[in-house]
Protein chains: 2
Amino acid sequence: MSKRGRPRDFDYTSIVDVAMKTFWSKGYNGCSTHDLCSDTGLGKGSLYNTFGSKQELYLAVVEHYHETGIREQRALLESPGSVKERLQNFLAWALVEDFESTNPKGCLLINAGLERAKDDPKIEEIVTRHVELLKQTMEIVMEEGLRTGEISKKRSAVDLASLFLSSYYGFRVLNTSTQNRTLAEQIMNGTMESIFGA
Amino acid sequence: MSKRGRPRDFDYTSIVDVAMKTFWSKGYNGCSTHDLCSDTGLGKGSLYNTFGSKQELYLAVVEHYHETGIREQRALLESPGSVKERLQNFLAWALVEDFESTNPKGCLLINAGLERAKDDPKIEEIVTRHVELLKQTMEIVMEEGLRTGEISKKRSAVDLASLFLSSYYGFRVLNTSTQNRTLAEQIMNGTMESIFGA
DNA sequence: TTATTTTTGTAACGATCGGTACAAAAGTTA
DNA sequence: TAACTTTTGTACCGATCGTTACAAAAATAA
């Protein structure tokens, strides 16, 4: 009783995945529904029948990016190994994303936050949620570092996590905007040393 | 011999200033030449006769933002007072920009870098130049802090400046995207403590 | 088979896009 | 004044925007 009518001949999430890259590299206002159709291979009928509008497709894309992203980031931060290794790996992962990935460079969530959060409350909500989850995870990692003695107890876990969070986002923005690898490595050094001391 | 013909009845830089706010709040792709005309009060004839194209006007706008911005930032960082006070004032200035200014919220240079640097080499050049000048200024401030003993000599001026730079840009992005003042204050605390210790 | 439901591709919608054409307007120079 | 130069506002250009209409296609249900 569940599926009458012509079945769709594409996979929902793999279309979202393709559209993600289109929005990621061109921006919301910078790409057209024609771009989305030709990249995904869908006709306009299918695209609008499935997603409703450009805005709703963008929402599904950003939500998808958030979900896969937070999973990946948590995996890196909660992996076995020392706290120092984990934070180092986290920044190294971002470095690859910004300089060597086959995906569009930079962070789609930052782009979405800056371009659309002001106009689309649902986008702002996803970005806020993502940042809070990431910060929470960083706080847990900092607490562990304080407990084990890897990090000196001069600063609170909240202060440490807030610093690491903002430095991470600045890292992403500067990498994307200037593509300056030397600067990227200096930021990695400066950030790691500010947490683990000299 | 220099000015024959009908004189223009507007001031170039004040038009750039108005257009700046239009691009700032709507983005490059998010605003139309019609928006620019109605905000500036210019007709299309005048706008195109003066600036040539939307792209060239945007370039003039971003260059203008860079020039006034770097002057203001340097003034804050090179003002009299302790290094700690100056860095604190710098972040406090950014906080006002992101939460209380009558200008559009956030940093136009970040928006330009993320939206246009990839497609317009001249935009990337301005952003890169701005970041380098700002980082240079921060390095000088950190050197002073190291010299006077305000900052412990465990880390180099380059590491300290790189950290402050990235944390500053992350601060701006998170403020703009999430408008979370509590988070903003935690980042300010975390950043200041990471430089001056606890 | 026939009726029903959903997806598909295509054609088209009105609106708006960035940019241009051009003549009237308003000055300077001679 | 007459000749010249530049700016101004407006009308308009072809292209593209996001979206919709709709009939053919392809499945299930009766």
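A note on names: the letters A, B, ... follow the listed sequences, proteins ahead of strands, and every chain is numbered from 1. Everything numeric here is computed off the predicted structure, so don't read it as measured data.
With salt bridges taken as basic N to acidic carboxylate O contacts below 4.0 Å, none links A:Glu150 and A:Arg86.
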> Can you give the dot-bracket line for DNA chain C, where a pair is Watson-Crick or G-U wobble with both atom distances under 3.5 Å, crossing pairs use [ ], and | marks a partner on another strand?
Replying inline: ||||||||||||||||||||||||||||||

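A 6.0 Å sphere centred on NZ of A:Lys153 holds more than 12 heavy atoms belonging to other residues, nucleotides or ligands.
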> Is there a salt bridge (Lys or Arg N to Asp or Glu O under 4.0 Å) between A:Glu185 and A:Arg181 once you walk through the steps?
Replying inline: CA-CA 6 Å; A:Glu185 273 150 26; A:Arg181 221 188 161 106; 3.7 Å; yes

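Taking the side-chain hydrogen bond (donor to acceptor under 3.5 Å, both in side chains) definition, one finds that B:Asn111 meets it with nothing, sequence neighbours left out. Contacts of B:Glu132 classified as side-chain hydrogen bond (donor to acceptor under 3.5 Å, both in side chains), with partners at least two apart in sequence or in another chain: none.
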>> Walk along nucleotides 13-23 of chain D from 5' to 3' and tag each nucleotide B, S or - by protein heavy-atom contact under 4.0 Å, base first, then sugar-phosphate.
In response: ----SBBB---

> Where along nucleotides 2-7 of chain C does protein come under 4.0 Å, by heavy atom, of base (B) or sugar-phosphate alone (S), with - for untouched nucleotides?
Replying inline: --SBBB

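Residue pairs meeting the salt bridge (charged side-chain N to carboxylate O under 4.0 Å, His left out) criterion with at least one partner in residues 10-19 of chain A, sequence neighbours excluded, are A:Asp17-A:Lys21.
Note on ring orientation: taking the six-membered ring where Trp is involved, the planes of A:His130 and A:His66 are perpendicular (angle over 60°, cut-offs 30° and 60°).
Under a cutoff of 6.0 Å and an axis angle of 45°, B:Arg74 and B:Trp93 do not form a cation-pi pair. Both the sub-6.0 Å distance and the 45° axial angle are not jointly satisfied by A:Lys105 relative to the ring of A:Phe99.
Panel note: side chain A:Gln186, backbone B:Val158; no donor-acceptor pair is recorded below 3.5 Å.
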